[in-house]
Undergrad: 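Once you've had a glance at the structure underneath, I'll fire off some questions.
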There are 2 protein chains.
Amino acid sequence: MKPKIQDVAKVAGVSPTTVSRVLNDRGYISSKTKEKVFEAMKEINYVPNDLARSLYNKRSYLIGVIVPSTSNPFFGELVAYIENICDERGYKVLLCNSLHEADKEKKYWEMLRRNQVDGVIVVTYNRGLIDKKQQFPAVAIDHYLAENIHVVSSDNFQGGEMASRELIKAGCKKIIHINGDASLETPANNRQYAYEKVMQEAGRTAETYHIPDVAFLESNIDIIKQLFKERPDVDGIFASDDLLAVRTMQYAESLGYRVPQDLKIIGYDGTCLIRSIYPKLTTIIQPTYQIAENAVETLIQEIDGKTHDTKEKTFPVSLWKGETTGE
Amino acid sequence: MKPKIQDVAKVAGVSPTTVSRVLNDRGYISSKTKEKVFEAMKEINYVPNDLARSLYNKRSYLIGVIVPSTSNPFFGELVAYIENICDERGYKVLLCNSLHEADKEKKYWEMLRRNQVDGVIVVTYNRGLIDKKQQFPAVAIDHYLAENIHVVSSDNFQGGEMASRELIKAGCKKIIHINGDASLETPANNRQYAYEKVMQEAGRTAETYHIPDVAFLESNIDIIKQLFKERPDVDGIFASDDLLAVRTMQYAESLGYRVPQDLKIIGYDGTCLIRSIYPKLTTIIQPTYQIAENAVETLIQEIDGKTHDTKEKTFPVSLWKGETTGE
DNA sequence: CTGAAAGCGCTTACAG
DNA sequence: CTGAAAGCGCTTACAG
């Protein structure tokens with residue numbers, strides 16, 4: 001059997017109350033008693049039961065994190081940061097990969113509630129799952145969940161502008177944007193709005209192709225094929241994420257386009273991974289660490305009962321100048 | 001306040017015992033009572049407290065997963081699979097990114113113990129952290145933890161043979177292997193042993209360069225530079241993971257080597273991600289899903305008290321024929 | 001400075 | 001078929 005506080009008490013010759021006090025460094029305790037207790041704990045290899053603690057304290061120090069899938073490098077990196085920051089702050093992470101399935105996400109929410117998490121960080125659409133009586137503090141990254149839910153994101157508008165201007169500057173005549181699922185309103189849509197604004201200011205026509213979200217990177221390439229069929233004169237593409245950018249580039253090359261001579265491409269996200277293995281890809285770098293940090297900090301503040309004036313926080317992006325938009 | 005079982009009991013006009021019985025579908029209960037209870041639960045939006053349940057049952061349905069970092073696509077993918085399989089089986093995942101830091105890993109082990117996890121899946125070196133009285137069931141992936149710990153991996157020897165033979169078949173004269181940290185014995189070392197065996201059988205000299213593990217992909221490239229300086233005649237490289245393969249290839253190209261004409265390269269892992277964005281890279285595909293599935297199943301069996309005859313399970317790999325080893 | 005008692009929310013023998 | 005009581009391992013007023 002795992003040793004419990006009573007066992008420690010017996011060995012140390014004190015009451016359970018005293019052991020608990022030592023454990024929590026609470027109230028006055030003679031240093032002699034303290035020492036006895038610590039020795040007893042070591043002797044029987046005691047470790048407190050956090051389940052029991054959490055039950056009494058109504059505080060689990062558990063945070064639920066819901067992402068589509070850590071198999072996507074952006075989410076994998078984001079989750080790694082989130083978890084490590086949580087760990088530094090004394091919180092533990094219950095991981096949920098929703099695979100873009102509303103059903104799965106719904107079950108995860110209930111699971112998190114049952115497990116008494118102190119709060120949740122959500123990086124998925126959450127199709128209306130949160131609207132009623134909110135059970136616990138939540139912070140969203142790059143998604144609007146509900147009126148009162150804090151959302152953290154990169155400056156998607158700035159990123160969209162940067163990307164679009166980069167293509168114009170590189171001399172592209174026919175610039176097309178490829179974006180994700182169009183059916184839901186997310187901060188990431190600002191990338192598209194910025195693109196449209198820049199195109200308009202430059203007297204161009206904006207045109208966006210949408211790729212539906214799919215689990216595990218297996219997104220079909222049909223939309224990309226359609227794009228090149230309908231717009232063979234395309235010479236600039238702003239893809240809303242790097243994987244999409246790379247796959248579009250590959251398809252274009254298979255069609256005979258040379259990048260960057262015939263076609264210039266810029267992506268979005270700029271994960272460490274992509275910059276490491278695809279440094280040639282021009283892209284917009286999201287400040288992923290800052291996003292993770294702000295999400296965790298904001299959530300912990302809400303857990304601690306502090307309210308926030310601002311319900312939205314945005315971090316500036318930066319340009320990674322590769323070779324896919326020319327020299 | 002969150003509703004508890006007592007509140008449900010009050011609303012339904014029964015005792016807490018009865019509510020619990022309905023909840024657990026245990027013992028005989030009239031269907032009329034059952035219905036009343038379910039209605040009451042719905043009415044007050046009741047959800048059971050799993051902390052309290054786990055405390056009593058001494059079963060948390062919590063599994064700890066320790067990986068270096070989900071920011072590495074192999075681990076990101078592995079963790080996604082593990083978590084989803086756990087979810088299917090009714091288990092929840094407490095995620096730990098150890099960043100290859102022994103200290104951090106040690107703290108995670110204690111944290112998991114405090115949180116009463118039912119078991120742990122480890123994908124890190126665990127430098128002797130587990131040897132003494134093992135606290136709970138554990139399964140390792142690609143690492144030897146201790147005598148009695150079950151380990152799951154891809155058939156590293158087969159993979160090493162495949163990779164080495166592929167390079168020989170492609171006509172390479174001077175084949176070099178780049179591997180990870182040499183200081184610890186892991187199943188992945190079989191990749192190197194197989195390479196050495198194949199080289200010997202072919203009358204070649206085996207030569208391996210080791211790259212120390214580093215967190216977050218920031219591994220220095222010094223060893224690679226050294227390799228090309230010392231062995232400019234290298235014309236075949238077997239890299240022990242795909243990221244390493246890609247980065248080596250990039251450095252070689254910057255030196256003027258053409259791949260595959262002057263230099264042929266083969267990697268290892270073959271994640272969905274790499275195959276999607278780097279289909280040209282020849283690599284050995286690990287059966288990641290099967291590894292994840294077997295690890296979870298084995299762990300759950302151990303949790304359920306079933307013992308295993310075999311303490312090691314290996315799954316066959318396959319070759320992804322890209323273009324970096326020729327046509 | 002220390003201990004006995006009650007309670008966190010649940011479950012399970014034990015009665016009836 | 002249903003309920004009162006005790007207990008999972010911990011913590012915290014309340015006494016002393």
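Scope of the values below: all heavy atoms of this structure, side chains included, with no hydrogens, waters or symmetry mates.
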Undergrad: In whole angstrom, give the distance that lies between atom CE of Met41(A) and atom C1' of dG9(D).
TA: 15 Å
Undergrad: Round to a whole Å and report the spacing from CG of Asn49(B) to P of dG9(C).
TA: 7 Å
Undergrad: For the residue pair Ile303(B) and Gly119(B), what are the closest heavy atoms and their distance?
TA: CD1-N, 4.1 Å
Undergrad: Using a 4.0 Å heavy-atom cut-off across all strands, classify Ser54(B) as base, sugar-phosphate, or nothing.
TA: nothing
Undergrad: Does the side chain of Lys104(B) reach to within under 4.5 Å of the side chain of Asn84(A), using non-hydrogen atoms?
TA: yes
Undergrad: Please report the distance, rounded to the nearest Å, between CZ in Arg53(B) and C1' in dG9(D).
TA: 18 Å
Undergrad: To the closest 0.5 Å, what do you measure between CD1 (Ile82(B)) and CD1 (Ile121(B))?
TA: 4.5 Å
Undergrad: Which nucleotide in the set dT2(C), dT11(D), dC10(C) lies at the smallest distance from any side-chain heavy atom of Leu23(A)?
TA: dT11(D)
Undergrad: Listed by chain and number, what are the ring-ring contact (aromatic ring centres under 6.0 Å, His included) partners of Tyr61(B), not counting sequence neighbours?
TA: Tyr91(B)
Undergrad: Does Lys313(A) qualify as a cation-pi partner of Phe315(A), given the criterion of NZ or CZ under 6.0 Å from the six-membered ring centre and within 45 degrees of its axis?
TA: yes
Undergrad: Look at Arg26(A) and dA13(D) and indicate whether a side-chain polar atom (N or O) is within less than 4.0 Å of OP1 or OP2.
TA: yes
Undergrad: Name each donor-acceptor pair under 3.5 Å that joins a side chain in residues 2-15 of chain A to protein atoms two or more places apart or in another chain, with its distance.
TA:
| residue | atom | partner | partner atom | Å |
| --- | --- | --- | --- | --- |
| Asp7(A) | OD2 | Lys4(A) | N | 2.7 |
| Ser15(A) | OG | Thr17(A) | N | 3.4 |
| Ser15(A) | OG | Thr18(A) | N | 3.3 |
| Ser15(A) | OG | Thr18(A) | OG1 | 3.3 |

Undergrad: Between Gln6(B) (CD) and dG7(C) (P), how many Å, whole number?
TA: 11 Å
Undergrad: Hey, does Asn24(B) reach any base, or is it just sugar-phosphate, or nothing, if we go heavy atoms under 4.0 Å?
TA: sugar-phosphate
Undergrad: Any base atoms under 4.0 Å from Asn57(B), or only sugar-phosphate, or nothing? Heavy atoms, all strands.
TA: sugar-phosphate
Undergrad: In dot-bracket, 5' to 3', how would DNA chain D read with Watson-Crick or G-U wobble pairs under 3.5 Å, [ ] for crossing ones and | for pairs to another strand?
TA: |||.||||||||.|||
Undergrad: Near DNA chain C, which residues from residues 11-20 of chain B have a heavy atom under 4.0 Å away?
TA: Thr17(B), Ser20(B)
Undergrad: Want to settle it: does Tyr56(A) or Ser30(B) sit nearer the 5' end of DNA chain D, counting the closest nucleotide to each?
TA: Ser30(B)
Undergrad: Please report, rounded to the nearest Å, how far the P atom of dG7(D) is from the CG atom of Leu55(A).
TA: 17 Å
Undergrad: Checking side-chain polar atoms at under 3.5 Å, does Thr288(B) have a donor or acceptor matched by the opposite partner on Glu77(B)?
TA: no
Undergrad: Quick one, Glu105(A) and Val122(A) - any side-chain contact, counting heavy atoms below 4.5 Å?
TA: yes
Undergrad: For Asp7(A) and dC8(D), what is the distance between atoms CG and P respectively, to the nearest whole Å?
TA: 11 Å
Undergrad: So what does Lys58(B) hit on the nucleic acid, given a heavy-atom distance under 4.0 Å: a base, only sugar-phosphate, or nothing?
TA: sugar-phosphate
Undergrad: Report the residues that fulfil ring-ring contact (aromatic ring centres under 6.0 Å, His included) with Tyr289(B), sequence neighbours left out, ordered by chain and then residue number.
TA: Tyr81(B)
Undergrad: Rounded to the Å, how far apart are Leu51(B) CG and dG7(C) C1'?
TA: 15 Å
Undergrad: Give a yes/no answer on whether the side chain of Thr33(A) brings an N or O atom under 4.0 Å of OP1 or OP2 in dT2(C).
TA: yes
Undergrad: Indicate yes or no: at least one non-hydrogen side-chain atom of Leu62(B) is less than 4.5 angstrom from one of Lys92(A).
TA: no
Undergrad: Provide, to the nearest angstrom, the distance between the NZ atom belonging to Lys10(B) and the P atom belonging to dT2(D).
TA: 20 Å
Undergrad: Sort me out a list of protein N/O and nucleotides 14-16 of chain D N/O pairs below 3.5 Å, or just none if empty.
TA:
none

Undergrad: Would one find more than 12 heavy atoms of other residues, nucleotides or ligands at under 6.0 Å from atom NZ of Lys311(B)?
TA: yes
Undergrad: Taking all heavy atoms of Ile141(B) and all of Ala295(B), pick out the closest pair and write down the distance.
TA: CD1-CB, 3.8 Å
